[in-house]
There are 2 protein chains.
Amino acid sequence: MARVTVADVADEAGVSRVTASKVLRGGEGVSPSTTQRVLDAAAALGYGREQSASGEGKRVTIADIASAVGLSKGSVSFALNGQAGISPENREKILETARQLGWRPHSAARALSSSQSKAIGLVLARDVDTLGSEPYFMRLIAGIEAVLSKESIVMLFQTVPSIEAEMAVYDDWWSERRIDGLLLNDLRVDDPRLPYLQGLGIPSVFAGLREGSGTVSAVFHEEAPGVEETVLHLRDLGHRSIGRVAGPAEFAHIAERGQAFARLCSELGIEHYESIETDYSMEQGAEATRYLLARPERPTALVYDNDIMALAGLREAQATGLSIPQDLSIVAWDDSLFCQASSPSLTAVARDIRAFGEQAATSLLDLIRSGAPDTVREPPGRIVARDSTAPPPS
Amino acid sequence: MARVTVADVADEAGVSRVTASKVLRGGEGVSPSTTQRVLDAAAALGYGREQSASGEGKRVTIADIASAVGLSKGSVSFALNGQAGISPENREKILETARQLGWRPHSAARALSSSQSKAIGLVLARDVDTLGSEPYFMRLIAGIEAVLSKESIVMLFQTVPSIEAEMAVYDDWWSERRIDGLLLNDLRVDDPRLPYLQGLGIPSVFAGLREGSGTVSAVFHEEAPGVEETVLHLRDLGHRSIGRVAGPAEFAHIAERGQAFARLCSELGIEHYESIETDYSMEQGAEATRYLLARPERPTALVYDNDIMALAGLREAQATGLSIPQDLSIVAWDDSLFCQASSPSLTAVARDIRAFGEQAATSLLDLIRSGAPDTVREPPGRIVARDSTAPPPS
DNA sequence: CTGAAAGCGCTTACAG
DNA sequence: CTGAAAGCGCTTACAG
């Protein structure tokens, strides 16, 4: 793709190079019809576009548009931003010329003068293998971006090893004015990020938080309903002893599940129940499984807080000679393709994570615009019965 | 966190508010020792930091530093950027003052005047469930960011439904000067993105490309060695008929694996071999498995192009009453936690994806700096033997 | 080694 | 509805 030159445009339009150059760089002293002809030729050849995109040559700016249409930069800016205060004819003329010249806003110039970066940030503090094996995050991201891309807002993304590193990233991004707001995940019990965000005053949406305040909005769903469906499902099958292989209790949603699990088991007539905390890993999932299966009130059903532990537990149970689901029922919290691909397929609690991501992004944009924090409750998870749950052995 | 005011600083430093204000806003007419005292107090209280981070109040700029130390903005800029052309003493004084005032660069201002956004872009055109189930991408991202974060370079991330949408994003980001360069994945046979990037002139690193040129660098690894290890492993176990459940052949690395597979099977004495193309999905993985197991020269070993298909194939085979690995050996290409968690665990081809990501990012930064495209070859995948491979039934 | 000034490309009061 | 100008916070020649 050779670069399109003024000479090319001149030839295409059938005018002199001097005339073409005049139109392309300013537009004074050339008749309207000739101006139009040159601009059409430029558009056809992709002259402006190439210029603006290639990095070589001069970038098309609002000054170029202004002189092409014979109006001020201020008017051009108004028209381009859809603001009131400019006549319909001039607006149309400006828009058309901008299109023809291939003008595109310079994000840094806008950010500098408007104090808005049109970017939001997402930082994930989990180890890479957890991130890579949990479908949650990619779905969340897909939901977020479905909303952002409509508004030409961009997402900065980073993974970090710890929550401290996460906060350091927020400080950097915010103080360098890289972002207008933040999306947070994995709320902890007494999460240090919350006061940190409030202190810095960063507009944020915290997934899992129950109530927005200050500059932080909340988007969440209840854990209890999914737990209740699970316990009911197992009780109705006849189970009276249930073990739970839990994620880290420092996560607020895990702690909440744990409380709901204990309360509901007790209320719904489960005679024995027990939770074992793990770090979410395959190894600890297998270990907790071994431990629970060796208990005096050996559980006939096991519930896991993520899919990789459920799979590891399945493997562990099968290795000890158990048949699933005849000898032991298994439920995974957070459905994934792997729950379907395993043998037997795993009964799991499923949520619409993509919708959750969309809501989180929508809330963030609202917050950035309005400055007022909000609280949104999303639908809870629901159980999807598959082949890994059945009545307990008699 | 209440905002730190000039009055607070004055109290802390034991000077009048007028004096504190003078120092904090300019520094003229105040003795060096008093100036120092006030700046120390400000630093202790986090005055500058709060100012620069909170968004309220005036941001600390290089002009503030300049008047505080009594030098020009240009000198301050030089010092802050580590450029030559300023005396050691003044450099030190500027750096110290900047630190005390909590100055942070404004990314947009820098981007506008330096024509560098200090951001790179990554767009993934795969459906969300594939992305969420393949550990590849998160590992790649972790590797990329390990390099970027050292240089305070930020990553824009987006998922899109198609390769056309992907190119549209590149056009947007580049023409708005959002990014300095791009990282590309999933090279296609005759990939349209390559000429597109070259046309736009975007500095890019294309993973999988065999040779850099123009503004595009290449980072790749050979597929053949991993294929060879796999075929050798199976042959040495005694297998003479191998089936392959392949990913989409439009991907260059899949096409290459396919060619290597046919060539190596033939060279290494495998009597029957066959590849079936799929879309990477669980469903088609299961379907291809059924098909291959029904062939006249029924394969005794099956090789899969991703982990989810391998798992689906394992399930399918077990459902038809086969024991793995006694009746059928299975190998997954691209190892993951799920290959370890399955029962039996899956023999798989593993690569150091994180290192690959680091190299890709390093190459991109080099390219952005130098303008010269490069080509880097990374180590190929190696087979990791687990429980899913054994001699064929006799 | 240092200063004064122009410029990056926008937005936004301020006048008319 | 429109124009002229200042300003956002830096970098970068250009002089000395």
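Just so we're on the same page: letters track the sequence lines, and every chain starts at 1.
Taking 4.0 Å as the cut-off between side-chain N and carboxylate O, A:Glu151 and A:Arg369 count as a salt-bridged pair. The pair A:Asp64-A:Arg59 does not meet the salt-bridge criterion, since no charged nitrogen lies less than 4.0 angstrom from a carboxylate oxygen. Salt bridge B:Lys93/B:Glu96: absent, no basic N to carboxylate O contact under 4.0 Å. Note on A:Arg104 versus B:Asp171: salt bridge recorded, some NZ/NE/NH1/NH2 to OD/OE distance being below 4.0 Å.
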(request) Starting at the 5' end of nucleotides 7-16 of chain D, put B wherever the base has a protein heavy atom under 4.0 Å, S where only the sugar-phosphate does, and a dash everywhere else. (result) BBBBBB----
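A distance-only check finds a donor-acceptor pair linking the side chain of A:Gln198 to the backbone of A:Thr215 [under 3.5 Å]. Of the possible donor and acceptor atoms, none in the side chain of A:Glu176 sits under 3.5 Å from a partner among the backbone N and O of B:Ser107.
Between B:Ile120 and the choices B:Leu182, B:Val154, B:Ile368, B:Ile179, the side-chain contact (heavy atoms from CB on, under 4.5 Å) rule is met once, by B:Ile368.
We find the NE2-OG distance between A:His106 and B:Ser175 to be 10.5 Å, quoted to the nearest 0.5 Å.
If you measure from atom NZ of A:Lys93 to atom P of D:dC1, you get 15 Å, rounded to the nearest angstrom.
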(request) Could you summarise the pairing of DNA chain D as dot-bracket text, marking Watson-Crick and G-U pairs under 3.5 Å with ( ) or [ ] inside the strand and | across strands? (result) |||.||||||||.|||
